Visitor: 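The structure is given below, and queries will be raised subsequently.
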There are 4 protein chains.
Amino acid sequence: MGGTMDGTKQRRRGNTRQRIQEVALGLFAEQGYEKTSLREIAERLDVTKAALYYHFRTKEEILVSIFEDLSRPIEDLIEWGRRQPHSLETKQEIIRRYSAALMEAAPLFRFMQENQATIRELSIGDMFKTKMLGLRDILIDPDADLVDQVRCVSALFTLHAGMHVLQEVESDPGKRREAVLEVAVDLITQAHRHTAGD
Amino acid sequence: MGGTMDGTKQRRRGNTRQRIQEVALGLFAEQGYEKTSLREIAERLDVTKAALYYHFRTKEEILVSIFEDLSRPIEDLIEWGRRQPHSLETKQEIIRRYSAALMEAAPLFRFMQENQATIRELSIGDMFKTKMLGLRDILIDPDADLVDQVRCVSALFTLHAGMHVLQEVESDPGKRREAVLEVAVDLITQAHRHTAGD
Amino acid sequence: MGGTMDGTKQRRRGNTRQRIQEVALGLFAEQGYEKTSLREIAERLDVTKAALYYHFRTKEEILVSIFEDLSRPIEDLIEWGRRQPHSLETKQEIIRRYSAALMEAAPLFRFMQENQATIRELSIGDMFKTKMLGLRDILIDPDADLVDQVRCVSALFTLHAGMHVLQEVESDPGKRREAVLEVAVDLITQAHRHTAGD
Amino acid sequence: MGGTMDGTKQRRRGNTRQRIQEVALGLFAEQGYEKTSLREIAERLDVTKAALYYHFRTKEEILVSIFEDLSRPIEDLIEWGRRQPHSLETKQEIIRRYSAALMEAAPLFRFMQENQATIRELSIGDMFKTKMLGLRDILIDPDADLVDQVRCVSALFTLHAGMHVLQEVESDPGKRREAVLEVAVDLITQAHRHTAGD
DNA sequence: GATGAATGAGAATTCATTCAT
DNA sequence: GATGAATGAATTCTCATTCAT
């Protein structure tokens, strides 16, 4: 009251929307979407539930907005990939960039991996599926052997899952990521070679 | 069968517990654990909610009982694996048998994959984690390169995820499974060769 | 199974009804009537809920039967008191015998004291009230001063409540009872003297 | 009152919390705590059950809040008593004031007397016990004869119980209270005289 | 940009009770 | 003398959502 202003209350100005997204994503990733209530989100932000409704029309919209904001890099990547020749180099680069994008938005993707059942019912389920199919179409040659198609998918899964596993074996996330990346690139490469006869 | 009467109501006798498990697993896999209410399960069985509570003490107990019953083959497999030499042949056989076990209890494992966030909070989360670590300890050589360790984990993930993907590319589940299996075995084999110098 | 018989199962023969009453009273006194479920009673007896219904028609009937069985001495006491002259000696004797009767059926009376709200709604509420009025009519002279009437009621309450209090001050229940008895007799005596001018 | 509108719906504003407490206490006292459901309370207030949960987190919290609000005078009394000399006059005054305090919050204390079993399990059980022990410590001389200690406790019980009894004998609550008070003061006085040799 | 008060729908769970065997 | 299986009605409680202020 009076004074020059600073500190908690003031910093809040205008970025409540984003703070909601951050806190919500944190809780969604930690506990799951259904187990996270709006009350909990509001409490952690020290606002009322009604305040959330000023910024978002529904609970689902909070999630959708997070997804839209955080998945843009992946969208861009796919866009980029589409315009490249489907060469081995491109594929390898896609894998590398995809891995980087996953890391950037790690909580979101952890959430998506652990809440597939929920997501399937929600609108982002379709959005995500569409994106993944876009990726797949770049990586997978439609003429390829079924086994090689599986390899491509496996590469993708390896990236997705690799982030959260093996934490006891290797604690340095950088090294872990590198190893995961190597396996993924390897799988893609094998798949490509068989088909292209390269 | 035979005798004075049969039909729906009579056949029910004594197998309600199992019917609950079946229906519940179906719904859990389809909609997720939290989105499936006991009302829904009861309605589908044409009994009252209270009847469910005669057979199980909580909603969670229904899930736990399903898990315990259906995951026994995997437990047996791990037990078997532990007593074998950690040779390449053993590892390959483990992968093959594991794949078969996953298929046997496909709905359960689909459920587990799609509801990880839920499961993590529940008691079966720990049970499952323990089992997976048991499997990993058989497949992974502790001296192996980190990359090869990732390959082993990747093989496991490929099996898990492979069942539910690529349905548009190859509609025959048998062929799909074979392809998935080949990729997994391949990954395991690569990992083993590097380490064993075979 | 065959043999001479002994031990738990055999001893049960024919006295299940009574065992139900005992266990039920124990739980009713400990936790209250409403918080004690038939499931709990059955579990403690290692029989099924349905077995309780072989012996009693309702939950309330269990309580009623306990009350009827255990409050008979008090009924007898009142009967006896009615036929005596309403002299001081009689009143003192009534108090003494009543105190003894309360001790005999301590759990029942503890239960009744701590569950008055419940009992009021149940049929034993009326039974009990009738009995207490009977007692009162013997102890209280209708011509007596209001204050002396209160003294008589107070004597009764002192007996009822005195059993469960002062446990920290005096751990010997015998001494406690004696002290309580002395106060009660004293109150009755005062009340009688004033009225009778004795 | 003044302004454009009034009447039932408007008057409600802002005092719902208190109205819940009033209605709840009424029902708790009439029927007992367990037999009173939140549905009943809500219906009587013409709000939904959920509205109760906006104001109180649990059913128990409703009771606790009532207890805290209504038992403050007693707390104050004990505080006051602690600072006085433990003379006969103080003790008599305590009894008088305690009696007045009981009348002020009669429904609460009737409830507490008739639902002891319930209260024992709830958190207010301990709060109440602590208060009563505080009172006792003022009234009872630790060197006193056991019988005199009983007299003090008996005085307290007489006050508590006296309010609800003898309604058929004397219908004027004022006179009843006076008579009860006299007996209680008498008991305290006797106890004090013996010990102090006054 | 947010709050206070409330709702309607629904969740899991518990209970006394019933009845064919 | 007792059980196994089930029911119907109720209970406490939680949630996403709304809206006047």
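Labels below follow one simple rule: chain letters A, B, ... track the order of the sequence lines, proteins then strands, and each chain is numbered from 1. Computed from a predicted model, the values in this text were never measured in an experiment.
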Visitor: Let me spell it out: for each of D/Lys59 and A/Tyr33, pick the nucleotide of DNA chain F with the closest heavy atom. Which residue's pick is nearer the 5' end?
Guide: D/Lys59
Visitor: Write down the distance between CG (C/Asp46) and P (F/dG1), rounded to a whole number of angstrom.
Guide: 18 Å
Visitor: Return whichever of B/Ala50 or D/Ala50 has its heavy-atom-nearest nucleotide of DNA chain E closer to the 5' end.
Guide: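 It is D/Ala50 whose nearest nucleotide is closer to the 5' end.
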Visitor: Between C/Lys35 and D/Thr118, is there a side-chain donor-acceptor contact under 3.5 Å, judged purely by atom types and distance?
Guide: no
Visitor: Can you say whether the rings of B/Phe128 and B/Phe109 are parallel (under 30°), tilted (30 to 60°) or perpendicular (over 60°)?
Guide: tilted
Visitor: What is the distance, rounded to the nearest whole Å, between atom CZ of B/Phe56 and atom C1' of F/dA5?
Guide: 14 Å
Visitor: Write down the distance between OH (A/Tyr53) and C1' (E/dA6), rounded to a whole number of angstrom.
Guide: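 Whole-Å distance recorded here is 14 Å.
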Visitor: Both C/Lys35 and B/Glu34 contact DNA chain E. Which one's nearest nucleotide lies toward the 5' end?
Guide: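 Mapping each residue to its closest nucleotide by heavy atoms, the 5'-most match is B/Glu34.
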Visitor: Look at D/Glu114 together with D/Arg110 and state whether they make a salt bridge at an N to O cut-off of under 4.0 Å.
Guide: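 Looking at D/Glu114 and D/Arg110, the cut-off is met.
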Visitor: Between the side chain of D/Gln31 and the main-chain N/O of D/Phe28, is any donor-acceptor distance below 3.5 Å?
Guide: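 Not at all, since once roles are kept as given, no pair shorter than 3.5 Å links the two residues.
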Visitor: Under 6.0 Å from the CD atom of D/Gln18, do we count more than 12 heavy atoms belonging to anything else shown?
Guide: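 No.
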Visitor: Counting only distance, no hydrogens or angles, is the base of E/dT3 paired donor-acceptor with the side chain of A/Lys49 under 3.5 Å?
Guide: no
Visitor: Do any side-chain nitrogens or oxygens of A/Arg39 fall under 4.0 Å of OP1 or OP2 in F/dT14?
Guide: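 Result: no.
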Visitor: Go ahead and name the base partner of E/dT21; Watson-Crick or wobble counts if both distances stay under 3.5 Å, otherwise write none.
Guide: F/dA2
Visitor: Does the side chain of D/His55 get closer than 4.0 angstrom to OP1 or OP2 of E/dG4 through an N or O atom?
Guide: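 False: D/His55 side-chain N/O out of range (4.0 Å or more) of E/dG4 OP1/OP2.
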Visitor: Round to a whole Å and report the spacing from CD1 of B/Ile62 to P of E/dA11.
Guide: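 After rounding, the gap between these two atoms is 14 Å.
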Visitor: Can you find a side chain N or O atom of A/Tyr54 that sits less than 4.0 Å from OP1 or OP2 on E/dA2?
Guide: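 No, because none of the side-chain N or O atoms of A/Tyr54 sits under 4.0 Å from OP1 or OP2 of E/dA2.
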Visitor: Assess whether a salt bridge exists between B/Arg44 and B/Glu40, defined as any Lys/Arg side-chain N lying under 4.0 Å from an Asp/Glu carboxylate O.
Guide: no
Visitor: B/Ile41 CD1 to E/dG10 P: how many Å, rounded?
Guide: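 After rounding, the reported distance stands at 17 Å.
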Visitor: Starting at CD of C/Glu61 and ending at C1' of E/dA16, how long is that distance when rounded to a whole Å?
Guide: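 These atoms are roughly 14 Å apart.
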Visitor: Quick one: look up who F/dT14 pairs with, Watson-Crick or G-U, both distances under 3.5 Å, and put none if it's unpaired.
Guide: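 When the pairing criteria are applied, E/dA9 turns out to be the nucleotide that pairs with F/dT14.
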Visitor: What integer distance in Å separates C/Glu60:CD from E/dC15:P?
Guide: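 C/Glu60 atom CD is separated from E/dC15 atom P by 18 Å.
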Visitor: OP1 or OP2 of E/dG4 sitting under 4.0 Å from any side-chain N/O of A/Thr48?
Guide: no
Visitor: How long is the line joining CG of D/Leu52 and P of E/dA6, in whole Å?
Guide: 10 Å
Visitor: Think C/Thr16 has a side-chain N or O under 4.0 angstrom from the OP1 or OP2 of F/dA2?
Guide: yes
Visitor: Taking the C1' atom in each of F/dT21 and E/dG1, what is the distance between them to the nearest angstrom?
Guide: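 To the nearest whole Å, 13 Å.
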Visitor: Closer to the 5' end of DNA chain F via nearest nucleotide, is it A/Thr58 or D/Leu38?
Guide: D/Leu38
